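These numbers come from the heavy atoms of this one structure, side chains and all, not from hydrogens, waters or symmetry mates. Only a predicted model underlies this, so the values are computations on that prediction, with no experimental measurement involved.
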Amino acid sequence: MTIRLYDTNARQIRDFAPLTAGCVSIYLCGATVQAAPHIGHIRSGLNFDIMRRWFEYRGYAVTFIRNVTDIDDKIIAKSADQGRPWWSIGYENERAFNDGYSALGCLPPTYEPRATGHVPEMIEMMRGLIERGHAYEADGNVYFDVRSYPDYLQLSNQELDNLRQPEGEGETGKRDQRDFALWKAVKPGEPSWETPWGRGRPGWHLECSAMAHKYLGEAFDIHGGGLDLIFPHHENEIAQAKAFGDDFAQYWVHNAWVTMSGEKMSKSLGNSVLVSEMVKHWRPIVLRYYLGTPHYRSMIEYSEESLREAEQAFARIDGFVQRVVELAGGAVEPSPEVPPAFAEAMDDDLGVPQALAVVHTTVRQGNSALAADDKEAAVARLAEVRAMLGVLGLDPLDPHWSGGAEKGEDLHGVVDTLVRLVLDQRESARARKDWATADAIRDQLGQSGLAIEDSPSGPRWTLKS
């Protein structure tokens, strides 16, 4: 039993060897709370939730840190545009992120520190970097001297001579334009904190190095985040932490994006799909299936058609689960162990697609047992399916999806199944050109408070506002 992970820094899959036997420490770059989350944001949290669940299944005690960046240029700009306090915008969106994580079944982190709550730790790190000759003050700013750290750019595999460092407004006094800001001098009307070098606010990168040091120590096992964070964010985190004297992360794990029309889903492109809107139209457990079952290093090209396919695939699993529960006359407990083929797939760089294939194979075996009236075999297969789905966070019998707090979401699934039956009748009427019947079905659904939209991937329903 050896878990293997793709390490971005090593550019290969490595056997996982924890720093402390039986324990795993993970730091995940979490939300920058300048806006509500789209499904691309939540994918990262979901992928690392599956990683955490698998480590816990394998018997590890997991410490999972997911930070909140609650101050940055975009939050400050929105504060000025909207005439609202920066902390009001940040807190509102932080709650939206947590609602999104919870809706899709992500376990809460061990700790979820905010950047603004750790200015003393950042000051301590800056002081140490200046004393060691890796940072300097200029015009109230504090910069990291990239030439002072010989291994800079090792993670992103770039050449320093070809580097163009992203630069913010007001970053004056640099010795080298490739140096990056640890601390930004105060500007009129902006939030600021007192430091030995004057009032100002954190640079984006410093916060994570400081918080990882506080909560996980000088060395920890895994640092995670999206591919877009490799440079400059993670590269600069490494430089800060190691120049300070920390060993920092032993493995670097990065998840791929959710794309639309081949482009990374982002607010700036105007192509984002907000989680708060998606859960109105799709069962949250189906969204988790859609976002969590591709391999974490594979891009997901968003489309309603692919979401509908995920919905149908999960319905086959859910239908089997419900039929066996009805046959058994009550709950069927998960098996204590998952099937060996499932475990082998998950151990191999979290191979969820291969593991999911084992789930579907077991469901087919269970359906065959149901058809043969073999109750014992059907129950045994359900126990295995529940064990596997529990690791993936997709067990429909888990209290998160079926318990009291989630009854509204459970009801959504029931209503969706019933409405689908009616829509299938409407589609049959349309296929035989019986327009009167098709229109009558649509009108009846409308009178029930449902809006029907015909899309290229088929009809969909929403509650009328």
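Two residues are said to be in side-chain contact when any heavy atoms from C-beta on lie closer than 4.5 Å; W183 and N141 fail this criterion. With a 4.5 Å cut-off on side-chain heavy atoms, F320 and L382 count as touching. At least one side-chain heavy atom of F97 sits less than 4.5 Å from a side-chain heavy atom of V33. Looking at heavy atoms from C-beta onward, H118 lies in side-chain contact with K214 at the 4.5 angstrom threshold. Between T63 and I26, the closest side-chain pair of non-hydrogen atoms is not below 4.5 Å. By the 4.5 Å heavy-atom criterion applied to side chains, H254 and I230 are counted as neighbours. Between V258 and I42 there is no side-chain heavy-atom pair separated by less than 4.5 Å. When side chains are defined from C-beta on, D70 does not count as touching Y91, because their heavy atoms never get closer than 4.5 Å.
Heavy-atom contacts from other residues, nucleotides or ligands closer than 6.0 Å to CD of E344 number 12 or fewer. Around atom CD of E194, more than 12 heavy atoms belonging to other residues, nucleotides or ligands sit under 6.0 Å away.
No donor-acceptor distance shorter than 3.5 angstrom exists from the side chain of T362 to the backbone of V385, with no hydrogens or angles considered. Using a distance-only test at 3.5 Å, with no hydrogens or angles considered, a donor-acceptor pair links the side chain of N93 to the main chain of I89. Looking only at distances, no side-chain donor or acceptor of N255 sits under 3.5 Å from a matching main-chain atom of N47. Remark: the backbone N or O of D424 is paired with a side-chain donor or acceptor of S428 at under 3.5 angstrom. With S335 contributing its side chain and V338 its backbone, the two residues share no donor-acceptor pair below 3.5 Å. With hydrogens and angles ignored, the 3.5 Å screen pairs no side-chain donor or acceptor of K264 with any backbone N or O of W257. A distance-only check finds a donor-acceptor pair linking the side chain of S209 to the backbone of E237 [under 3.5 Å]. Proximity of a side-chain donor or acceptor of D349 to a complementary backbone N or O of L5 within less than 3.5 Å is not detected. The closest donor-acceptor contact from the side chain of W401 to the backbone of P284 lies at 3.5 Å or more, if one exists at all. When atom types are taken as modelled, the side chain of E235 and the backbone of L153 share a donor-acceptor pair closer than 3.5 angstrom.
Separation of the H295 and Y6 ring centroids does not fall under the 6.0 Å cut-off. Aromatic rings from H205 and H234 are positioned such that their centres are separated by 6.0 Å or more.
Classified by interplanar angle (parallel below 30°, tilted 30° to 60°, perpendicular above 60°), the ring pair W54/Y57 is parallel. Using a 30° and 60° split on the angle between ring planes, W86 and W193 fall in the perpendicular class, above 60°. Using the six-membered ring where Trp is involved, F16 and Y60 have ring planes that are perpendicular, over 60° apart on the 30 and 60° scheme. The aromatic rings of F248 and H223 lie tilted to each other, with the angle between the two planes from 30° to 60°. A tilted orientation is assigned to the rings of Y27 and F220, their planes being inclined by 30° to 60°.
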- Message: Pair H281, E277 - check side chain to side chain donor-acceptor pair (under 3.5 Å), show working.
- Response: CA-CA 7 Å; H281 307 305; E277 292 301 312; 4.6 Å; no
- Could you walk me through whether R84 and E92 pass the salt bridge (charged side-chain N to carboxylate O under 4.0 Å, His left out) test, one step at a time? CA-CA 11 Å; R84 294 173 58 195; E92 175 184 280; 3.3 Å; yes
- Go through V391 and F342 one step at a time and tell me if the side chain to side chain contact (heavy atoms under 4.5 Å, CB included) criterion holds. CA-CA 10 Å; V391 167; F342 181 95; 4.1 Å; yes
- Task: Apply the test salt bridge (charged side-chain N to carboxylate O under 4.0 Å, His left out) to residues E311 and R308: give CA-CA distance (whole Å), side-chain angles for both, the deciding distance (0.1 Å), then the verdict.
- Result: CA-CA 5 Å; E311 180 182 53; R308 185 67 64 202; 2.2 Å; yes
- Item | Steps toward salt bridge (charged side-chain N to carboxylate O under 4.0 Å, His left out) verdict (D318, R283) | CA-CA 12 Å; D318 196 15; R283 291 178 67 191; 3.2 Å; yes
- Under the salt bridge (charged side-chain N to carboxylate O under 4.0 Å, His left out) criterion, do R95 and D99 qualify, and how do the steps go? CA-CA 6 Å; R95 292 183 63 183; D99 287 347; 5.7 Å; no
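Donor-acceptor pairing under 3.5 Å is recorded for the side chains of Q158 and S156. Under the 3.5 Å distance criterion, with hydrogens and angles disregarded, no donor-acceptor pair is assigned to the side chains of N367 and R381.
For the pair R66 and Y101, the cation-pi criterion (under 6.0 Å, within 45° of the ring axis) is fulfilled.
For the atom pair CG of L423 and CZ of R430, the computed distance is 10.0 Å after rounding to the nearest 0.5 Å. Rounded to the nearest 0.5 angstrom, M211 CE and Y111 OH are separated by 15.0 Å. A distance of 8.5 Å separates CH2 of W204 from NZ of K74, quoted to the nearest 0.5 Å. Note that NE2 of H360 and CE of M388 are 10.0 Å apart. Values are rounded to the nearest 0.5 Å. Atoms CD1 and CH2, on I75 and W87 in that order, are 13.5 Å from each other to the nearest 0.5 Å.
A256 and L227 get closest at one heavy-atom pair: CA-CD1, 3.8 Å. For C29 against N67, the heavy-atom pair with the smallest separation is CA-OD1, 3.3 Å. When all heavy atoms are compared, the tightest approach of A96 to A36 is CB-CB, 4.2 Å. The shortest heavy-atom contact between M260 and E301 is C-OE2, 3.5 Å. Scanning both residues, R288 and L104, for their nearest heavy atoms gives NH1-O, 2.8 Å. Considering all non-hydrogen atoms of both residues, E171 and A181 come closest at OE2-CB, 3.8 Å.
At a threshold of 4.0 Å, the pair D73-R201 counts as salt-bridged, since one of the basic side-chain nitrogens sits closer than that to a carboxylate oxygen. The pair D347-R4 does not count as a salt bridge, with every side-chain nitrogen at least 4.0 angstrom from each carboxylate oxygen.
Exactly one of M125, Q240, M122 qualifies for a side-chain contact (heavy atoms from CB on, under 4.5 Å) with L182. That residue is Q240.
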